[in-house]
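Let me begin by presenting the structure, written as structure tokens, before commenting on it.
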Amino acid sequence: MGKKVLIVGGVAGGASAAARLRRLDENAEIIMFERDGYISFANCGLPYHIGEVIKEREKLLVQTPEAMKKRFNIDVRINSEITSIDPNNKKVIVKSADRGIYEESYDYIILSPGAKPIKPNIPGINSSRIFSLRNIPDTDRIKDYVDNRNIGSAIVIGGGFIGVEMAENLVERNIKVTLVEAAPHILAPFDSDMVVITEKEMEQKGIKLILGDGVKAFSEENSSVQVTLNSGKTLSADMIILAIGVTPDTGFLKDSGIEFGPKGHIIVNDRMETNIEGIYAVGDAIEVMDFITGQKTAIPLAGPANKQGRI
């Protein structure tokens with residue numbers, strides 16, 4: 001009997017690890033668990049489907065569970081959430097839409113649970129007109145809203161990658177966009193002399209930038225949402241995109257004995273091993289070493305996740 005490997009999360013890191021592992025080992029039993037209904041989708045492309053730059057939704061789906069099974073002989077279980085890991089007995093608990101709750105044993109685990117959008121405790125944040133973007137269902141919801149609600153204006157909160165991409169794509173749909181960023185500049189990873197070029201480009205495309213100001217409160221007014229900023233300024237729009245960053249989706253690991261960094265990221269070495277033997281972790285949920293500065297950081301992007309999956 002070959003070794004039994006469970007992969008938790010089936011997007012960039014998890015799918016890459018599964019495919020690479022199968023190419024290296026024909027006999028391993030590989031089971032991939034994905035909490036949502038979709039695996040291996042092009043998460044970088046999600047805003048561009050909303051903007052109709054990527055017209056066909058199928059283009060976002062790199063692999064399907066069926067194709068993964070046929071091509072790589074990987075047992076893909078969608079709508080299946082791992083709720084806890086017991087490293088002493090090498091078992092996990094699975095909560096599945098079609099099989100209920102069951103146990104699965106393992107020899108090795110690869111954790112690729114990703115990160116979820118940060119949703120701070122701001123008054124009015126639960127309005128149905130405030131959207132965040134992580135996966136295909138989110139994309140469908142936002143696109144449906146833009147397609148069918150006659151949206152004239154939108155406010156994007158957050159000037160990171162997703163915020164900027166969403167602003168770009170809403171402008172493509174002829175929506176008037178205001179982008180609000182609490183820091184002095186958008187795109188924090190970039191140097192300010194480079195970011196200024198991007199900011200100028202966005203303003204030339206008609207996007208209104210409000211920098212150095214954060215959100216204090218949201219409130220619904222008839223058919224729009226009013227945003228009150230820390231400066232006291234108020235804005236109003238038909239919809240809001242909340243993109244102020246992500247936080248590792250690792251709550252289910254709290255009793256596993258796995259070590260976390262100060263912001264809840266899983267700590268791994270350069271072989272992607274956690275502190276628990278036989279458990280590896282990749283992707284948006286881990287803390288990595290910055291190649292340039294040697295400092296600990298997190299880079300929640302698909303490119304690094306794919307490479308880590310291969311490692």
Side-chain angles (χ1 to χ4, degrees), residues 7-14 33-36 38 41 43-44 46-47 81-85 95 109-127 130-139 141-142 156-166 179-183 186-190 214-218 230 240-268 272 274-275 279-290 295-306 308-309:
I7 298 179
V8 183
V11 191
F33 298 93
E34 170 53 51
R35 188 171 65 185
D36 274 336
Y38 300 89
F41 56 85
N43 35 18
C44 312
L46 302 181
E81 180 174 9
I82 304 292
T83 55
S84 66
I85 293 178
K95 186 175 156 204
I109 288 184
I110 300 168
L111 296 169
S112 183
K116 57 187 179 191
I118 292 170
K119 197 174 173 186
N121 204 357
I122 298 171
I125 198 161
N126 292 321
S127 158
I130 300 176
F131 298 87
S132 56
L133 180 61
R134 176 182 183 181
N135 53 31
I136 301 267
D138 294 340
T139 309
R141 268 194 296 279
I142 297 171
V156 176
I157 314 290
F161 294 115
I162 293 180
V164 170
E165 289 174 359
M166 279 305 306
L179 186 143
V180 177
E181 168 55 62
I186 61 169
L187 297 173
F190 290 64
V215 177
K216 197 175 184 174
F218 298 105
N230 290 331
I240 311 280
I241 303 286
L242 193 65
I244 54 174
V246 294
T247 182
D249 204 346
T250 51
F252 69 105
L253 300 169
K254 64 178 184 299
D255 303 320
S256 63
I258 288 172
E259 272 177 28
F260 294 104
K263 291 184 169 173
H265 295 88
I266 301 167
I267 295 173
V268 294
M272 303 292 137
T274 66
N275 61 308
I279 301 185
Y280 298 75
V282 301
D284 296 1
I286 69 168
E287 191 177 86
V288 294
M289 194 72 89
D290 186 299
Q295 303 288 314
K296 293 187 162 102
T297 184
I299 308 172
L301 296 171
N306 283 321
Q308 291 155 8

Contacts of [X] that satisfy salt bridge (charged side-chain N to carboxylate O under 4.0 Å, His left out) - sequence neighbours left out:
| X | answer |
| --- | --- |
| Arg134 | Asp249 |
| Asp138 | Arg141 |
| Glu287 | none |

Pair Val8-Ile110, side-chain contact (heavy atoms from CB on, under 4.5 Å): steps then yes or no
CA-CA 6 Å; Val8 183; Ile110 300 168; over 6 Å; no
For [X], check side chain to side chain contact (heavy atoms under 4.5 Å, CB included) against everything at least two apart and list the hits.
| X | value |
| --- | --- |
| Lys254 | none |
| Pro248 | Thr250, His265, Ala285 |
| Ala305 | Ala12 |
| Val11 | Glu34, Phe41, Asn43 |

Short question: side chain of [X], backbone of [Y] - any donor-acceptor pair under 3.5 Å?
| X | Y | answer |
| --- | --- | --- |
| Asp284 | Gly13 | no |
| Glu81 | Thr83 | no |
| Glu181 | Gly159 | yes |

Evaluate Thr274 against Glu259 for side-chain contact (heavy atoms from CB on, under 4.5 Å), listing each step before the verdict.
CA-CA 7 Å; Thr274 66; Glu259 272 177 28; over 6 Å; no
Considering residues at least two apart in sequence or located in another chain, which fulfil the side chain to side chain donor-acceptor pair (under 3.5 Å) criterion with [X]?
| X | result |
| --- | --- |
| Asn121 | none |
| Lys216 | none |
| Thr297 | none |

Dump the intermediate steps for side-chain contact (heavy atoms from CB on, under 4.5 Å) on Ile286 and Phe260, then the final yes or no.
CA-CA 9 Å; Ile286 69 168; Phe260 294 104; over 6 Å; no
Those residues that, when tested against Phe131, pass ring pair (Phe, Tyr, Trp, His ring centres under 6.0 Å) (two or more places apart)
Tyr145
What's the separation between atom NZ in Lys119 and atom CD1 in Ile125, rounded to the nearest 0.5 Å?
6.0 Å
Identify the heavy atoms of Pro117 and Leu133 that sit nearest to each other, and give their distance.
CG-O, 4.3 Å
